[in-house]
Amino acid sequence: ALLGLSCDWSREIQTSSPEYFRWTQWIFLQMLEADIAYQADAEVNWDPIDNTVLANEQVDSEGRSWRSGAVVEKKQLRQWFLRITQFTEDLLDGIVNDEKLKQWPDQVLSLQKQWIGKSEG
């Protein structure tokens, strides 16, 4: 059996390319200047084998890393945050009303809504 595969290399994106990351850096600097990006110490899920931070979704019900299987440790680290609460309504509205996003799986949309984290009260 043959695998039919065609790649359009003219559409390749290299995130290590200066032509790419200059824009992500520019966007970040705009957020920093607008006081949307900031640093603070916070507790993270630390994988002691891979020496990396894990998202909550990457820690199983037994408190182990999905990557290495290690027992995940809680650790305080200085990290970057984005002040998105002032954009909560716009972000949630985009998830509900954007035609392209309506095609995303419900599980992904649910995770995005949880990440936005609107709370009342």
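By convention here, the first residue in the shown sequence is residue 1.
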[atom1] of [X] to [atom2] of [Y]: how many Å apart, nearest 0.5 Å?
| X | Y | atom1 | atom2 | result |
| --- | --- | --- | --- | --- |
| Gln79 | Gln39 | CD | CD | 9.5 Å |
| Leu29 | Met31 | CG | CE | 9.0 Å |
| Ile27 | Trp23 | CD1 | CH2 | 8.5 Å |

For [X], I'd like to know if atom [atom1] has over 12 heavy atoms of other residues, nucleotides or ligands within 6.0 Å.
| X | atom1 | value |
| --- | --- | --- |
| Tyr38 | OH | yes |
| Asn97 | CG | yes |
| Lys102 | NZ | yes |

Does any N or O in the side chain of [X] come within less than 3.5 Å of the main-chain N or O of [Y], such that one atom is a donor and the other an acceptor?
| X | Y | value |
| --- | --- | --- |
| Thr88 | Thr85 | yes |
| Arg64 | Val72 | no |
| Asp50 | Thr52 | no |
| Glu33 | Gln30 | no |
| Ser110 | Gln107 | no |

Under a single-linkage definition using a 4.5 Å side-chain heavy-atom cutoff for Ile, Leu, Val, Met, Phe, Trp and Tyr, are [X] and [Y] assigned to the same hydrophobic cluster?
| X | Y | value |
| --- | --- | --- |
| Leu32 | Phe81 | no |
| Ile13 | Trp26 | no |
| Phe87 | Ile95 | yes |
| Leu92 | Trp115 | yes |
| Val96 | Trp104 | no |

Could you tell me which non-hydrogen atom of [X] sits nearest to which non-hydrogen atom of [Y], and how far apart they are?
| X | Y | value |
| --- | --- | --- |
| Val44 | Leu77 | CG2-CD1, 3.8 Å |
| Pro48 | Asn51 | O-OD1, 3.3 Å |
| Arg83 | Asp35 | NE-O, 2.7 Å |
| Leu101 | Gly94 | CD1-O, 3.4 Å |
| Ala70 | Ile49 | CB-CD1, 3.5 Å |

Evaluate the side-chain proximity of [Y] to [X]: yes if any heavy-atom separation is below 4.5 Å, no if none is.
| X | Y | value |
| --- | --- | --- |
| Ile36 | Gln86 | yes |
| Arg67 | Leu54 | yes |
| Val53 | Trp46 | yes |

Is there a donor-acceptor contact under 3.5 Å linking the side chains of Ser16 and Gln14?
no

Run the side-chain contact (heavy atoms from CB on, under 4.5 Å) test on Asn56 and Asn45 for me, step by step, so that the C-alpha distance in whole Å, both residues' side-chain angles and the decisive distance to 0.1 Å come before the verdict.
CA-CA 7 Å; Asn56 291 336; Asn45 298 314; 2.8 Å; yes

